[in-house]
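Worksheet: the structure to be examined is printed underneath.
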Amino acid sequence: MTGETIFSRIIKGEIPCDEIYSDDKCIAFRDIEPQAPVHILVIPKKTIVNLKEVGAEEQELLGHLLLISAQIAKKEGLEDWRTVINTGAEAGQTVFHLHIHIIGGRKLNWPPG
Ligand code: AMP
């Protein structure tokens, strides 16, 4: 499944975002509806719907996204943080372009809702 999403439009520069990082593989920007003092999304530039459709060929990209998310969290001054990947509507995914949430800056409860 490869459809246009709000994130693919952000990647193309058609919609503005509060960008904080970009490289040849991914872009990171602040969530428009932050759930914590720090709430950043890291997304691949390649169109991937979610983890249901990734194969072994994406191993390097997935590792890159996680490493970048950790670098960003530390750069934001976070000691502790949560990385979340919602996969599918029942899990809370609303934008069907793979993204990692970096959430921190307050005490986070577990289990999530
Ligand atoms: P999810 O529910 O896991 O699919 O997360 C989608 C996230 O994208 C939500 O936290 C939204 O607040 C966020 N979001 C939606 N549109 C935008 C946008 N234009 N810029 C930044 N974040 C957005």
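As a basis for the values below, the full set of heavy atoms in this structure was taken, side chains included, without hydrogen atoms, waters or symmetry mates. All ligand and atom numbering here is 1-based and tracks the order in the structure.
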>> Under 3.5 Å, is there a donor on one side chain and an acceptor on the other for Asn50 and His99?
In response: no
>> Angle between ring planes, His39 versus His101, binned at 30° and 60°: parallel, tilted or perpendicular?
In response: tilted
>> Closer than 4.0 Å to some heavy atom of His99 - which atoms of ligand 1 meet that?
In response: 1 (P), 3 (O), 4 (O), 5 (O), 6 (C)
>> What I want to find out is whether Glu58 reaches Lys46 closely enough, with some N-O distance under 4.0 Å, to be called a salt bridge.
In response: yes
>> At under 4.0 Å between heavy atoms, is it the side chain or the backbone of Val84 that contacts ligand 1, or both, or neither?
In response: neither
>> Checking a contact table here: which protein heavy atom is nearest atom 8 (O) of ligand 1, and how many Å away?
In response: Phe7 CZ, 3.4 Å
> Just wondering, do Val42 and Ile27 contact through their side chains at under 4.5 Å, heavy atoms?
Replying inline: no
> Near Arg30, which atoms of ligand 1 are under 4.0 Å from a heavy atom of that residue?
Replying inline: 21 (C)
> Does ligand 1 have any atom sitting under 4.0 Å from a heavy atom of Gly92?
Replying inline: yes
>> Can you check which of Asp31, Val95, Asn50 brings a heavy atom nearest to atom 11 (C) of ligand 1?
In response: Asp31
> Hey, which atoms in ligand 1 end up nearer than 4.0 Å to a heavy atom of Glu33?
Replying inline: 12 (O)
> Which one of Leu98, Ile32, Ile85, Ile43 has a non-hydrogen atom at the shortest distance from atom 21 (C) of ligand 1?
Replying inline: Ile32
>> Within the 4.0 Å heavy-atom shell around Thr94, which atoms of ligand 1 are there?
In response: 1 (P), 2 (O), 4 (O), 5 (O), 6 (C)
> Does the pair Lys74 and Trp81 meet the rule for a side chain to side chain contact (heavy atoms under 4.5 Å, CB included), with working shown?
Replying inline: CA-CA 9 Å; Lys74 288 187 250 182; Trp81 65 89; 4.0 Å; yes
>> Donor-acceptor check, side chain of His97 to backbone of Pro44, threshold 3.5 angstrom: yes or no?
In response: yes
>> Can you tell me if Ile15 contacts ligand 1 (heavy atom of the residue under 4.0 Å from the ligand)?
In response: no
>> Looking at Arg9, is its backbone amide N or carbonyl O close enough to the side chain of Glu14 to form a donor-acceptor pair, meaning the two atoms are under 3.5 Å apart?
In response: no
> Does at least one non-hydrogen atom of Gln35 fall below 4.0 angstrom from an atom of ligand 1?
Replying inline: no
> At under 4.0 Å between heavy atoms, which part of Asn86 makes contact with ligand 1: side chain, backbone, both or neither?
Replying inline: side chain
> Given that the side chain starts at C-beta and the backbone is N, CA, C, O, which of these parts of Phe96 lies under 4.0 Å from ligand 1, counting heavy atoms, or is it both or neither?
Replying inline: neither
>> Any non-hydrogen side-chain atom of Leu41 less than 4.5 Å from a side-chain atom of Phe7?
In response: yes
